[in-house]
Chemist: 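Dropping a structure here in C-alpha cells format, bear with me for questions.
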Amino acid sequence: LAHHQEEWCEAAALAGARLQVESHLEDDLHVAGADDELVALVMALIDNAREAMEEGGLLEVTLGRCEGFAVLRVRDTGGGMSPEVLERACEPFFTTKEAEHVGLGLTQVQRLCVARHGRLLLSSEPGQGTTVEVVLPLAQPQAGRSGGGRAAHPGGGAPRSLTVLLADDDPALLRV
C-alpha cells in the first residue's frame, strides 16, 4: 500500500486535484484467502475512493483487528452517495460512473467477503464522503509460512494450483 501512495497523489496532481493519503496499518494480520484476491479487494476499494474525489480530498486507509476479525476501513471525503445509490451500490453492473466502468468493483468485494465468512459495510451521505469496511475472520498463521501465499488446503497438504486466462478489451474488468 505504501508504495502506491505517492503514485496516487501524483496522478491526482496531474488531474488538477490534491489527494492526501493517510494509512494506519496493523502488522501481522492473517486472513484466509489468496493474496491476489485480497490485493484486488483492497485496490478496488481504494480506486473507488480515489474516483469519488475528483477535486481531491482525504483518503484514509486503516487496517486493524477487533474481536477475532481483521477490519479494513477505506474512507474518502468525496461527494458521498444518496440513500438510493447506497442501497444499490453492490448490485452487479450498477454504476454512477462513466461508460468505461462496468460496476463490478463492490460486487466483487462483497462476493469475496461472503466467500470468506466476512461482511462488507457501507456508510455514506451526500457531501460527506463514504466509508467502506471489510470485516474478515482472522486466520492463524501457519508455522514456517513466510508472509503471503495461500491458506492451508482444507484436505491438508499443499493447495492445488489453478491458472485462469482472462481476455477482455475492457481494462477495468481486467484489473478486477
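Positions are given from 1 along the sequence. Not measured: the values here are computed from a predicted model.
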Chemist: Go through the steps for L59 and R50 under the test side chain to side chain contact (heavy atoms under 4.5 Å, CB included), then give the verdict.
Modeler: CA-CA 7 Å; L59 169 62; R50 287 178 38 226; 4.0 Å; yes

Chemist: Could you report the tightest heavy-atom contact between R65 and D27, atom names first, then the distance?
Modeler: NH2-O, 3.9 Å

Chemist: What pair of heavy atoms forms the shortest contact from A70 to L29, and how long is it?
Modeler: CB-CD1, 4.4 Å

Chemist: Per the salt bridge (Lys or Arg N to Asp or Glu O under 4.0 Å) rule, what does the pair list look like for residues 72-84, sequence neighbours excluded?
Modeler: E60-R75, R73-E133

Chemist: Taking all non-hydrogen atoms of both residues, which atom of L120 and which atom of C90 are closest, and how far apart?
Modeler: CD2-SG, 3.6 Å

Chemist: Which residues pass the side chain to side chain donor-acceptor pair (under 3.5 Å) test with E37, sequence neighbours left out?
Modeler: R116

Chemist: Atom CG in L138, atom CD in E67: separation rounded to 0.5 Å?
Modeler: 11.5 Å

Chemist: Could you see if L58 belongs to whatever hydrophobic cluster contains I46? Use Ile, Leu, Val, Met, Phe, Trp, Tyr and a side-chain cutoff under 4.5 Å.
Modeler: no

Chemist: Taking the side chain from S124 and the backbone from G129, do they hold a donor-acceptor pair closer than 3.5 Å?
Modeler: yes

Chemist: Who passes side chain to side chain donor-acceptor pair (under 3.5 Å) against R111, sequence neighbours left out?
Modeler: Q108

Chemist: When clusters are formed from ILVMFWY side-chain contacts under 4.5 Å, directly or step by step, what else is grouped with V71?
Modeler: F69, L121, V135

Chemist: Run the side chain to side chain donor-acceptor pair (under 3.5 Å) test against Q20 and tell me which residues pass, sequence neighbours left out.
Modeler: E22

Chemist: Sequence neighbours left out, what passes side chain to side chain donor-acceptor pair (under 3.5 Å) with E54? Give chain and number order.
Modeler: none

Chemist: For A139 and A32, which heavy atoms make the closest approach, and how far apart are they?
Modeler: CB-N, 3.7 Å

Chemist: Between P126 and S82, what is the shortest heavy-atom contact and its length?
Modeler: CG-CA, 3.8 Å

